[in-house]
Peer 1: 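First the structure, then my questions, so here it is.
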Amino acid sequence: MTTLAVIHCGQLVTLAGPSRPRIGPELRDLAIIPDGAMLIRDGRIAALGRTVEIPADAEVVDAGGRVVLPGFVDAHTHLVFAGNRASEFERRALGASYAEIAAAGGGIRSTVRSTREASEPALLSAARRHANWFLSGGTTTVEAKSGYGLSLDAELKILRTVRALGAEGRLRTVPTFLGAHEIPDEYRGRTEEYVKLVIHEMMPRVSEEGLAEYCDVFCEPNIFPVDVARAVLRAGQRLGLLARIHADQFSPDAGALLAAELGAATADHLECTTGAGLAALAGAGVQPVLLPGSVYALGSTRYPAARRMIDAGLAIVLATDFNPGSSPTASMPAVLSLASTHMRMTPAEAITAATVNPAWSLNRGNDLGSLEPGKLADFVIHDSEDYRELAYFFGREPAFAVYSAGSCVYKRGN
Ligand code: NIG
Ligand code: FE
């Protein structure tokens with residue numbers, strides 16, 4: 001039995017509260033214990049308060065007055081890919097648009113080519129490198145999508161890599177199958193045939209091998225229109241894969257309405273969603289996942305309407321959308337900054353949307369997302385005196401030490 005006592009937490013930000021995602025004014029209640037302490041036994045939180053009784057055999061971690069938070073839960077990432085798109089980034093700086101680059105065979109399809117070529121060990125070492133970026137920002141759990149394979153073997157390779165990374169015990173992973181991310185080169189103009197491959201060959205194997213918990217689709221009129229997206233997600237649901245949807249990133253409402261119709265766990269992006277889409281999400285209890293990193297990195301100013309969503313009673317989530325094209329960041333602190341600066345979310349609302357709410361969206365709410373007795377001890381000591389600094393000082397990674405189930409998995413170098 002190992003026991004850990006974390007003492008001198010200047011602010012112990014627990015997010016203790018009801019066992020469900022937080023909405024409305026609840027988003028501002030972080031349940032902070034000033035100068036708090038926490039006792040951990042065998043990877044789970046045993047007690048926390050102003051003081052805790054420290055057993056003689058406990059290892060003591062002195063937080064030195066710093067802020068302690070639950071590890072961030074990043075509910076939308078494309079963590080596993082090979083290569084990068086720095087040259088497209090440069091072309092965009094010179095005036096080319098994301099859509100033009102994609103239409104000319106770049107974009108997602110370019111990453112598909114490099115990911116198909118990579119061996120499984122090479123992909124795992126790229127994933128480990130990305131995992132360190134997440135950890136250095138204080139993220140301890142990520143949802144990780146496939147979608148840069150787009151063939152049976154390459155999609156399985158990506159999902160096995162997600163599993164292997166999670167099994168290493170540093171960054172927790174929750175896998176999502178995103179075979180319907182783009183039409184690969186060899187199926188251009190043959191969407192229907194490609195979708196058959198996704199539904200009849202990829203999904204059954206993914207489900208048989210237990211390689212995914214969720215199924216996602218890039219739902220856009222010119223990629224996978226709503227009828228196709230519905231067919232893919234329904235096929236996933238029949239196999240026990242719950243739905244998440246890339247919805248309304250470039251065109252309004254069809255994705256949000258589909259998410260509501262199917263009872264999806266989340267509808268992600270929502271930059272173009274109108275009041276009708278929001279009302280449908282609220283009615284169906286779908287959680288919106290907002291991805292301001294992709295709005296920023298695409299040079300757009302069309303941020304999703306976070307305040308309207310909060311007013312509509314939606315249990316909002318913030319995530320990075322980490323990927324090599326539209327959102328090349330693994331930094332949840334960067335996302336908190338964007339949320340406060342461009343979406344008028346308070347730092348407290350943003351932190352709730354980056355911890356407890358995403359944990360529920362990934363069906364991990366009973367174990368992750370807040371610091372409460374019985375939950376897993378996934379926590380981060382941030383080099384900050386006040387939790388608001390995480391959103392306020394932008395462009396730094398504040399994590400000082402990161403713990404997963406009570407074990408230190410990342411420590412900042414000096
Ligand atoms: O979530 N929208 C589609 N997929 C990604 C972009 C992936 C890429 O550009 O490689 C997204 O923004
Ligand atoms: Fe995405």
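Counting starts at 1 for both ligands and their atoms, following the listed order.
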Peer 1: Taking only non-hydrogen atoms of H269, do any sit less than 4.0 angstrom from ligand 1?
Peer 2: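 Checking ligand 1 against H269, which is what was asked, there is a heavy-atom contact under 4.0 Å.
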Peer 1: Is a donor from one side chain sitting under 3.5 angstrom from an acceptor on the other, for D153 and S151?
Peer 2: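 Side chains of D153 and S151: no pair found under 3.5 Å.
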Peer 1: Can you find an N or O of Q249 that's nearer than 3.5 Å to an N or O of ligand 1?
Peer 2: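 N/O-N/O distance under 3.5 Å: yes.
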Peer 1: With a 3.5 Å cut-off and no angle check, do the side chains of K145 and T77 form a donor-acceptor pair?
Peer 2: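 The criterion, which ignores hydrogens and geometry beyond distance, is not satisfied for T77 and K145.
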Peer 1: Taking only heavy atoms of N323, which atoms of ligand 1 are found under 4.0 Å from at least one of them?
Peer 2: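 Counting from 1, the qualifying ligand atoms are 5 (C), 6 (C), 7 (C), 8 (C), 9 (O), 10 (O), 11 (C), 12 (O).
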Peer 1: Does any donor atom in the side chain of S251 or D248 lie under 3.5 Å from an acceptor atom in the other side chain?
Peer 2: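 No donor-acceptor contact under 3.5 Å links the two side chains.
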Peer 1: Identify the protein heavy atom lying closest to atom 12 (O) of ligand 1, giving its residue, its atom name and the separation to 0.1 Å.
Peer 2: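 The closest one turns out to be S326 OG, 2.6 Å.
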Peer 1: Whether the T352 and N357 side chains hold a donor-acceptor pair (N or O, under 3.5 Å, no angle test) is what I'd like checked.
Peer 2: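 Distance-only check fails for T352 and N357.
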Peer 1: Between H76 and H246, is there a side-chain donor-acceptor contact under 3.5 Å, judged purely by atom types and distance?
Peer 2: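 Yes, a side-chain donor-acceptor pair sits under 3.5 Å.
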Peer 1: Go through ligand 1 atom by atom and flag the ones less than 4.0 Å from a non-hydrogen atom of Y98.
Peer 2: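 Near Y98, meaning under 4.0 Å from one of its heavy atoms, ligand 1 has 6 (C), 7 (C), 8 (C), 9 (O).
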Peer 1: Looking at non-hydrogen atoms alone, which of F218, F322, F81 comes nearest to atom 3 (C) of ligand 1?
Peer 2: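 Heavy atom nearest to atom 3 (C) of ligand 1 belongs to F218.
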Peer 1: Of the backbone and side-chain N, O or S atoms of D321, does one lie nearer to the Fe ion (ligand 2) than 2.8 Å?
Peer 2: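 It does; at least one qualifying atom falls short of 2.8 Å.
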Peer 1: State whether the shortest distance between N or O atoms of S294 and N or O atoms of ligand 1 falls below 3.5 angstrom.
Peer 2: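 N/O-N/O distance below 3.5 Å does not exist for this pair.
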Peer 1: Determine, using heavy atoms of D321 and all atoms of ligand 1, whether some pair is separated by less than 4.0 Å.
Peer 2: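 The answer is yes: ligand 1 sits under 4.0 Å from a heavy atom of D321.
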Peer 1: Would you check if there is a donor-acceptor pair between the side chains of T111 and R85 at a distance under 3.5 Å?
Peer 2: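 Present: a donor and an acceptor within the cut-off.
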Peer 1: So if I count the atoms of ligand 1 from 1 in the order they appear, which ones are less than 4.0 Å from some heavy atom of Y148?
Peer 2: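 Under 4.0 Å from Y148, ligand 1 has these atoms: 7 (C), 8 (C), 10 (O).
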Peer 1: Is the Fe ion (ligand 2) less than 2.8 Å from at least one N/O/S atom of H269?
Peer 2: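 Short answer: no, not a single N, O or S atom is under the cut-off.
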Peer 1: Heavy-atom distance under 4.5 Å between the side chains of L211 and P175, does that happen here?
Peer 2: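 Not in contact.
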Peer 1: May I ask you to check whether S146 and E155 show a side-chain donor-acceptor distance below 3.5 Å?
Peer 2: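 Result is yes, a qualifying pair exists.
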Peer 1: Check for me whether H181 has a heavy atom closer than 4.0 Å to any atom of ligand 1.
Peer 2: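 Right, H181 reaches ligand 1.
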